[in-house]
Amino acid sequence: MKRSGAGTLGVEDVGRQVKLQGWVHRRRDHGGVIFLDLRDRSGVVQVVVRPADAPEAASNLAPARNEWVVEIEGAVAARAPEAVNPKVATGEIEVVAAAGRVLSPSAPLPFNVEGEVDATEETRLRYRYLDLRRPELQRNLVLRHEVTFDVLEYFHQQGFLHVETPILTRSTPEGARDYLVPSRVHKGSFYALPQSPQIFKQICMVAGLERYVQIARCFRDEDLRADRQPEFTQVDVEMSFPTEEDVFALIEGLFVRLFERRGITVERPFPRLTHAAARARYGTDKPDLRFGMAIADLGGGLAASGFRAFASALAEGGVVRGLRVPGAAGASRKEVDAWVELARRHGAAGALTLRRRDGESVFQVKDVLAAPEIEFLVAALGLEEGDLALIAAGPETTTSAALGALRLAAAARYERIPDDAWAFCWITDFPLVEWDEREQRFQAVNHPFTAPHPDDVSRLDSDPATVRSRGYDVVLNGYELGGGSIRIHDREMQQRCFALLGISAAEAQERFGFLLEALEFGAPPHGGIALGLDRIVMLLAGADSLRDVIAFPKTTSAADLMTGAPSGVEGAQLDELGLATTAADD
Ligand code: ASP
């Protein structure tokens with residue numbers, strides 16, 4: 001008999017003989033009758049084993065406990081009306097066992113696979129194969145598979161070729177630390193695992209492939225913040241002869257399709273914001289546009305203010321900005337203190353409140369602002385009865401970052417952010433470079449292959465900090481889903497940009513000589529983008545963590561608790577590689 005899927009059975013199968021193979025999800029004994037919830041990838045179905053009708057099955061299955069693997073043969077039967085469970089897909093039926101046996105027992109479980117999670121994250125990762133049996137995690141992996149499949153289908157239909165680029169390669173400059181792999185054959189030399197396939201995909205364009213896509217694994221050895229993984233998956237895309245518009249249309253079409261197939265309507269075109277506007281209005285280059293609470297610039301009405309904090313910030317070339325928190329006029333002292341603390345953590349001196357209550361507007365510091373100044377603030381912030389405004393003053397960068405963080409914190413408390421809203425946007429006009437104080441040189445904001453904006457090229461040498469790039473990011477609900485750019489396809493321009501980043505001609509030749517050379521042989525104009533697949537699936541799954549959508553994730557200390565990687569190796573292996581270690585971690 002062919003095996004049936006437990007979760008696929010329903011009333012239409014009543015009377016059918018079926019064979020099931022799967023795990024005991026839950027087991028109950030009622031006066032000698034055994035009830036097993038049998039689970040396989042398709043779902044769960046209830047099995048009844050009556051010793052009177054199937055004595056051999058009952059004795060075979062008597063020892064079976066949770067997570068034992070069993071085989072059942074029997075007939076699908078309708079449940080009595082009072083036994084119907086509308087909460088379960090197969091709740092109208094059960095399988096009455098005629099035969100049954102244990103295929104594989106299970107050792108006592110370190111935690112329950114069924115029901116509430118009752119184990120620490122460490123234990124769950126150590127026994128990942130058990131945790132993955134949870135229906136929620138299985139659903140996430142199914143979703144991930146389907147999204148991957150849809151992505152490839154979409155790009156295939158658009159004429160893209162899936163090309164695999166090497167994992168053992170040279171360092172690619174995405175700005176993070178490389179994972180290195182020692183070469184046995186070339187002692188003292190190392191491969192680097194790719195931080196991205198960036199250079200290879202550009203070279204694919206020089207090779208005339210015109211449209212490239214790859215579900216690409218990337219590796220970045222960074223100190224991991226809460227929700228990052230040292231290896232992650234990108235939907236990596238490159239095309240020849242594109243404008244920004246072509247890339248935007250392509251990617252919007254992808255997201256519309258991915259979300260539509262999951263019953264979510266996404267509006268296009270996605271709104272666009274320049275990097276400068278995003279920073280000014282939302283205090284971040286990845287704004288959450290599911291709600292308003294835009295930041296207002298208040299400097300215009302305060303230039304002559306007698307309040308020192310404002311006047312001196314403006315006099316020193318800084319800003320005074322604020323945002324309205326609707327309905328927060330009654331915020332407690334404690335809440336305000338927490339906001340001030342948050343603003344400080346982002347480098348601002350603090351934040352001040354302006355409350356509008358009982359028709360009156362009260363600024364936190366008494367008697368420092370003139371009545372017309374307060375009126376100006378109320379109007380500029382759009383403050384209404386019952387509202388509170390948070391105002392910060394100081395240098396542009398820290399003030400903007402602080403207000404961006406305050407906007408999110410205050411919204412979490414005072415705005416009803418719909419969890420089924422999907423607010424995409426494009427961020428454009430990034431600066432090409434930013435000054436790195438520590439290293440005393442310019443760094444690429446995107447990467448060194450990003451083309452400068454044609455209107456700004458004339459300032460490349462004289463005023464590089466003001467040059468915009470042709471880079472862009474796509475953002476959803478405050479998460480950066482991906483980024484890319486139109487690239488440099490001209491050797492001379494590429495060399496100029498390397499030089500601007502403090503990469504000497506010799507170093508450029510040593511590290512990227514092959515790319516510079518390739519640019520001399522009819523390199524087409526090209527550009528592309530990379531999207532974070534893990535994050536896209538996480539958002540679609542409604543999961544809280546990337547770990548919930550990656551089959552075998554690592555911890556924040558980049559360890560794999562199941563296999564024990566990273567681990568020491570045999571001395572002989574090191575000898576063969578010509579390596580010696582000087583320090584062990586523990
Ligand atoms: N290589 C870039 C990244 O991984 C994406 C791109 O420019 O296409 O962030």
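Every heavy atom of this structure was used, including side-chain atoms; hydrogens, water molecules and symmetry mates were not. When a ligand or atom number is given, it counts from 1 through the structure's own listing order.
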Can you tell me which residue and heavy atom of the protein come closest to atom 3 (C) of ligand 1, and the distance to 0.1 Å?
E174 OE1, 3.5 Å
Could you identify the single nearest non-hydrogen protein atom to atom 5 (C) of ligand 1 and state the distance to 0.1 Å?
G483 O, 3.3 Å
One residue to check: A530. Relative to ligand 1, which of side chain, backbone, both or neither has a non-hydrogen atom less than 4.0 Å away?
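Both backbone and side chain.
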What part of R220, side chain, backbone, both or neither, has a heavy atom within less than 4.0 angstrom of ligand 1?
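Side chain only.
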Considering all heavy atoms of both residues, which atom of S469 and which atom of L432 are nearest to each other, and what is their separation?
CB-CD1, 3.6 Å
Over all atoms of both residues, closest heavy-atom pair of A410 and M293
CB-CE, 3.9 Å
Should the heavy atoms of other residues, nucleotides or ligands under 6.0 Å from CD of E570 be counted, would the total exceed 12?
no
Counting only heavy atoms not in R41, do more than 12 sit closer than 6.0 Å to its CZ atom?
no
Has ligand 1 got any nitrogen or oxygen that is less than 3.5 angstrom from a nitrogen or oxygen of N446?
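Min N/O separation from ligand 1 is not below 3.5 Å for N446.
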So is Q234 polar-close to ligand 1, meaning N/O to N/O under 3.5 Å?
yes
Ligand 1 to I529, heavy atom cutoff 4.0 Å, flagged ligand atoms 8 (O)
Note: ligand 1 atoms sitting under 4.0 Å from heavy atoms of G484 are 6 (C), 7 (O), 8 (O)
Can a salt bridge be assigned to the pair R496 and E492 using a cut-off of 4.0 Å between side-chain N and carboxylate O?
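The answer is no: the pair does not qualify as a salt bridge.
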Have a look at Y191 and tell me which of P166, P182, S183 forms a side chain to side chain contact (heavy atoms under 4.5 Å, CB included) with it.
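Going through the options one by one, the only one that passes is S183.
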Please confirm whether E480 comes under 4.0 Å of ligand 1, counting heavy atoms of the residue only.
no
For atom 1 (N) of ligand 1, which candidate among K201, Q198, Q195, E238 provides the closest heavy atom?
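Comparing heavy atoms across K201, Q198, Q195, E238, the nearest one to atom 1 (N) of ligand 1 lies in Q198.
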Aromatic plane relationship, F498 with F512 - under 30° parallel, 30 to 60° tilted, over 60° perpendicular
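Parallel: the ring planes of F512 and F498 meet at under 30°.
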